[in-house]
Number of protein chains: 2
Amino acid sequence: MPTPSMEDYIEIIYNLIDTKGYARVSDIAETLEVHPSSVTKMVQKLDKDEYLLYEKYRGFMLTEKGKKVGERLVFRHELLEDFLEIIGVEKENIYNDVEGIEHHLSWNSIDRLGDLVKYFKEDQQRLDDLKEIQLRKKK
Amino acid sequence: MPTPSMEDYIEIIYNLIDTKGYARVSDIAETLEVHPSSVTKMVQKLDKDEYLLYEKYRGFMLTEKGKKVGERLVFRHELLEDFLEIIGVEKENIYNDVEGIEHHLSWNSIDRLGDLVKYFKEDQQRLDDLKEIQLRKKK
DNA sequence: AATAATTTTTATCTAATGCAAAATTGTTTC
DNA sequence: GAAACAATTTTGCATTAGATAAAAATTATT
């Protein structure tokens, strides 16, 4: 099982490769706001645990295992962002909150949250009713 | 700001005092499943940060600051348990999930989740509709 | 007073990070 | 194309939060 921090790295690497075609130490360091040396160290660990193949100074690619995990992590992240956005959490809180909780929810909870997102997307009236409750106490 | 781990301790201490009238090192160690020595160390830290008053070998009591924080933490914990229970997360996952995420949500998110709990408690039909969605894919 | 239970101290461990210096790779200039 | 310089990556060492384990200190019980 990957630790929360390992999950962060896998997720970001997956996203970078998906959008740019490759991932470099410095990209990751910038995104995660950590030092390059920390990235190198984690990459070496992820290689040891076979989430990616690493050749020093030359880069790395996700293994099948890494891709599979990465895909799920990205799905989970996006679902949680969707959810918080739908229930009306302010934009500036969403990223940090998702970042904080994504590693700590069982897949059972993730599934139920998925249902909930579907519930609200399926019928606008439901969201309107929720918004109405939110407006009440603002007075 | 207390760290996640500090929050765990404050929350449990608050609960113990609330239900038993006092909190001892060994109770906390048992509840949190850590060693007594870890508890002592954290209690000393919480004393330094003025969440509680500590006299070695004699026990400790929450300060006003500690009580205030503890009360909010307990409220937040219960709200999150309510929420996961309502949306149908299995009992055996609820405690761990709440334990994991409670320290990582902004109060903005907590407020919105509060609205959501109210939304479902207010009208049974809404919950029925959600359950209906959940049943769909079970087939 | 002797023994048991609890609490505390000390030393050690792990995961993750930071910083500085060294190694490697990339780029420019001649 | 080679030498000089720049950028990136890696290594080694230090640090932090939190936990463990075993031994020492204190308090409680018989």
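Below, chain A is the first sequence line, B the second, and so on; all start at residue 1. Keep in mind that what you see is a predicted model, and the values were worked out from it rather than measured.
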Colleague: Think A/Tyr9 has a side-chain N or O under 4.0 angstrom from the OP1 or OP2 of C/dA15?
Modeller: no

Colleague: Kindly work out whether a path of hydrophobic side-chain contacts (I/L/V/M/F/W/Y, heavy atoms less than 4.5 Å apart) joins A/Leu79 to A/Ile10.
Modeller: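 A/Leu79 and A/Ile10: separate clusters.
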
Colleague: Which whole-number value in Å describes the distance from A/Leu46 CG to D/dT10 P?
Modeller: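 My rounded result for the distance is 13 Å.
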
Colleague: In whole angstroms, how far is the C1' atom of D/dT16 from the CE atom of B/Met42?
Modeller: 13 Å

Colleague: A/Lys48 has an atom NZ; how far is it from atom P of C/dT14, in whole Å?
Modeller: 12 Å

Colleague: Answer with yes or no whether B/Ser37 presents, from its side chain, a donor or acceptor under 3.5 Å of a partner atom in the base of D/dA21.
Modeller: yes

Colleague: Could you check whether A/His103 and A/Asp8, counting side-chain N and O atoms only, form a donor-acceptor pair closer than 3.5 Å?
Modeller: yes

Colleague: Nearest-Å distance, CG (A/Asp8) to P (C/dA15)?
Modeller: 16 Å

Colleague: Rounding to a whole Å, what distance do you find between A/Tyr22:OH and C/dT25:P?
Modeller: 18 Å

Colleague: Does B/Lys56 place a side-chain N or O at less than 4.0 Å from the phosphate oxygens OP1/OP2 of C/dT9?
Modeller: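 For B/Lys56, the contact criterion (side-chain N or O under 4.0 Å from OP1 or OP2 of C/dT9) is met.
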
Colleague: So what does A/Ser5 touch, heavy atoms closer than 4.0 Å: a base, only the sugar-phosphate, or nothing?
Modeller: sugar-phosphate

Colleague: By the 4.0 Å heavy-atom rule, please label A/Lys45 as base, sugar-phosphate, or nothing.
Modeller: sugar-phosphate

Colleague: Distance only, no hydrogens: is a donor on one side chain within 3.5 Å (strictly under) of an acceptor on the other, for B/Asp129 and B/Gln125?
Modeller: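 Yes, because at least one side-chain N or O of B/Asp129 sits under 3.5 Å from a partner of the opposite role on B/Gln125.
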
Colleague: Students often get this wrong, so: under 4.0 angstrom with heavy atoms, is A/Thr40 touching a base, only sugar-phosphate, or nothing?
Modeller: base

Colleague: Could you pick out which residue, A/Tyr54 or A/Lys41, lies toward the 5' side of DNA chain D when each is mapped onto its nearest nucleotide?
Modeller: A/Tyr54

Colleague: Any salt bridge between A/Lys131 and A/Asp128, counting N to O under 4.0 Å?
Modeller: no

Colleague: Taking the nucleotide of DNA chain C with the nearest heavy atom to each, does B/Ser26 or A/His35 sit closer to the 5' end?
Modeller: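 Closest to the 5' end, via its nearest nucleotide, is B/Ser26.
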
Colleague: Whether A/Gln44 contacts D/dT11 is assessed here as follows: a side-chain N or O lying under 4.0 Å from the phosphate OP1 or OP2. Is that the case?
Modeller: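 For A/Gln44, the contact criterion (side-chain N or O under 4.0 Å from OP1 or OP2 of D/dT11) is met.
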
Colleague: Any side-chain donor-acceptor pair under 3.5 Å between A/His104 and B/Asn96?
Modeller: no

Colleague: At 4.0 Å (heavy atoms only), tell me whether A/Phe60 reaches a base, stays on the sugar-phosphate, or touches nothing.
Modeller: nothing

Colleague: Taking CD from A/Glu33 and P from C/dG18, how many angstroms apart are they, rounded to a whole number?
Modeller: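 About 10 Å, once rounded to whole Å.
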
Colleague: A/Arg24 CZ to D/dA7 P: how many Å, rounded?
Modeller: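 Atom CZ in A/Arg24 sits about 13 Å away from atom P in D/dA7.
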
Colleague: Whole angstrom is fine here: how far is it from CZ in A/Arg58 over to C1' in D/dA7?
Modeller: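 That distance rounds to 16 Å.
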
